[in-house]
Enquirer: 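Handing you a structure now.
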Amino acid sequence: MLIIGERINTSRKVKGEPVIENAVRARDAQFFIDLAAKQCEAGATYIDVNAGTLLEGEPDAMEWLVTTIQGALDVPLAIDSPSPAAIERALKVHKGQAMINSITAEKDRYNNVLPLAKEYETKLIALAMGDDGIPPDACGRMTVGRELVSNLTAAGIKIDNIYADPLVFPIANGAEFGLAVMDTIRTFKAEFPGIHASAGVSNVSHGLPQRKFLNQAFTVMCMTAGLDAAIIDPMDKQLMALVYATEALLGHDDFCMTYLEASRAGKFE
Ligand code: THG
């Protein structure tokens with residue numbers, strides 16, 4: 001499973017302070033090099049980069065973040081933005097295969113992001129939402145997602161580069177939301193052989209105390225349903241131990257080599 005480190009997101013606050021946003025505004029390069037490096041050391045294979053709160057400053061910020069992080073580290077990035085302009089600025093300077101996070105079935109967004117995914121041959125997260133918003137249940141998500149993925153493959157995007165995202169909602173807002181995500185992951189993978197599934201797992205715990213337990217449990221649940229990419233906090237060592245353990249238990253880790261290696265490297269303590 002791809003581990004997409006979630007920490008470089010300007011909407012995150014630490015003790016009420018928008019520390020990530022402040023560091024972007026200050027163009028504090030060392031802050032982002034450290035934050036990316038720590039996530040990589042903890043096991044992240046992609047680093048998510050989201051500067052959405054900068055609004056009109058987002059395209060400049062995205063280009064700067066990509067250049068700054070990849071100037072110090074050899075790691076691919078997930079360009080997390082609804083804005084085609086910001087995505088394009090990021091892709092122009094990105095080295096290696098980027099991941100666009102994300103495309104949707106919204107007409108303008110679809111038409112403007114699709115050519116970027118083709119030109120730069122990126123991986124592409126496809127969110128199950130359209131111009132009428134996010135359908136509330138698994139069935140509605142699949143209706144939108146099915147059409148979106150069909151259009152993407154018809155337009156020449158390789159199925160192996162598509163990561164279908166069912167959209168994770170806070171479990172505090174609806175008891176059925178957890179199972180609906182698992183259902184949607186299974187259905188995408190059954191209907192589109194070769195497709196991948198991704199999810200912003202930490203959304204599930206929004207508004208509840210002791211969030212890490214909900215994030216840990218939900219990561220394991222989604223992996224069991226077939227999740228291939230998780231946007232999570234890799235600096236939670238218990239979470240990472242559960243990820244490696246679950247990979248081994250699902251048969252994705254021959255002879256538990258990765259589990260053993262991570263354990264020996266002290267990643268679980
Ligand atoms: N799908 C896709 N992209 C996404 C999301 C998605 N990008 C944004 C978001 N959802 C995923 N990223 C985050 C980042 C941080 C948090 C939640 C989702 C978050 N962090 C808290 C913090 O940093 O303080 C607490 C984390 C915790 O306690 O574990 O809430 O769904 N494609």
Side-chain angles (χ1 to χ4, degrees), residues 1-23 35-36 38-39 42 44 46-53 58 62 65 77-83 86-87 90 98-106 109 113 117 122-129 134 141 144-145 148-149 161-173 177-178 180-182 184-185 188 195-220 222 227-240 242-243:
M1 187 171 71
L2 300 181
I3 307 292
I4 306 172
E6 73 182 16
R7 287 197 163 223
I8 301 182
N9 185 321
T10 56
S11 67
R12 282 187 58 227
K13 294 195 169 125
V14 179
K15 293 182 187 127
E17 286 298 308
V19 291
I20 312 289
E21 178 175 332
N22 292 345
L35 193 47
K38 279 190 204 138
Q39 292 183 92
Y46 268 80
I47 301 294
D48 194 80
V49 176
N50 181 318
T53 64
E58 186 195 6
M62 272 294 199
L65 282 163
L77 307 177
I79 310 302
D80 190 351
S81 171
S83 151
I87 294 171
M99 178 181 271
I100 294 178
N101 182 12
S102 47
I103 196 165
T104 66
E106 296 161 288
R109 189 159 165 190
V113 175
T122 66
K123 293 185 192 297
L124 180 59
I125 297 183
L127 302 183
M129 63 180 283
I134 304 173
R141 304 265 171 98
V144 175
L148 175 58
V149 172
N161 279 333
I162 302 178
Y163 287 74
D165 184 326
L167 287 162
V168 174
F169 272 53
I171 196 65
N173 297 353
F177 290 167
V181 167
M182 294 174 74
T184 311
I185 292 171
F188 267 120
I195 201 171
H196 302 288
S198 71
V201 175
S202 321
N203 300 345
V204 84
S205 59
H206 194 82
L208 290 168
Q210 313 272 69
R211 291 182 63 173
K212 67 177 187 171
F213 298 114
L214 294 150
N215 296 346
Q216 288 168 7
F218 197 49
T219 299
V220 174
C222 290
L227 194 70
D228 304 285
I231 307 171
I232 52 177
D233 179 3
M235 290 168 69
D236 177 346
K237 290 194 166 192
Q238 287 169 338
L239 171 60
M240 290 304 288
L242 285 168
V243 166

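These numbers come from a predicted model, not from an experiment. Just so you know, ligand 1 is whichever comes first in the structure, and atom 1 is the first atom listed for that ligand.
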Enquirer: So, 4.0 Å and heavy atoms of Ile231: is ligand 1 close enough to count as a contact?
Expert: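 So Ile231 counts as touching ligand 1.
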Enquirer: Please say whether Arg12 places an N or O atom under 3.5 Å from an N or O atom belonging to ligand 1.
Expert: yes
Enquirer: Looking only at distances, can you tell me whether any N or O atom of Asn101, backbone or side chain, sits closer than 3.5 Å to an N or O atom of ligand 1?
Expert: yes
Enquirer: Closest non-hydrogen protein atom to atom 26 (C) of ligand 1, residue and atom name please, with distance?
Expert: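 Residue, atom and distance for the closest contact: Glu6 OE2, 4.0 Å.
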Enquirer: One residue to check: Leu127. Relative to ligand 1, which of side chain, backbone, both or neither has a non-hydrogen atom less than 4.0 Å away?
Expert: side chain
Enquirer: Give the residue, atom name and distance (to 0.1 Å) of the protein heavy atom nearest atom 9 (C) of ligand 1.
Expert: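 Going by distance alone, atom 9 (C) of ligand 1 is nearest to Asn203 OD1, 3.7 Å.
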Enquirer: Who passes salt bridge (charged side-chain N to carboxylate O under 4.0 Å, His left out) against Asp233, sequence neighbours left out?
Expert: Arg7
Enquirer: Who's the nearest protein heavy-atom neighbour of atom 21 (C) of ligand 1, and how far?
Expert: Arg211 NH1, 3.8 Å
Enquirer: Would you say Asp165 has any N or O atom under 3.5 Å from an N or O of ligand 1, going by distance alone?
Expert: yes
Enquirer: Ligand 1 and His206, any nitrogen or oxygen pair closer than 3.5 angstrom?
Expert: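 Among all N and O atoms of His206, none is under 3.5 Å from an N or O of ligand 1.
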Enquirer: Looking only at distance, does Asp80 have an N or O less than 3.5 Å from an N or O of ligand 1?
Expert: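 Indeed, backbone or side chain, Asp80 has an N or O that close.
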Enquirer: Look at the rings of Phe177 and Phe169 and say which category their plane angle falls in: under 30° parallel, 30 to 60° tilted, over 60° perpendicular.
Expert: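 The arrangement is perpendicular - the two ring planes meet at more than 60°.
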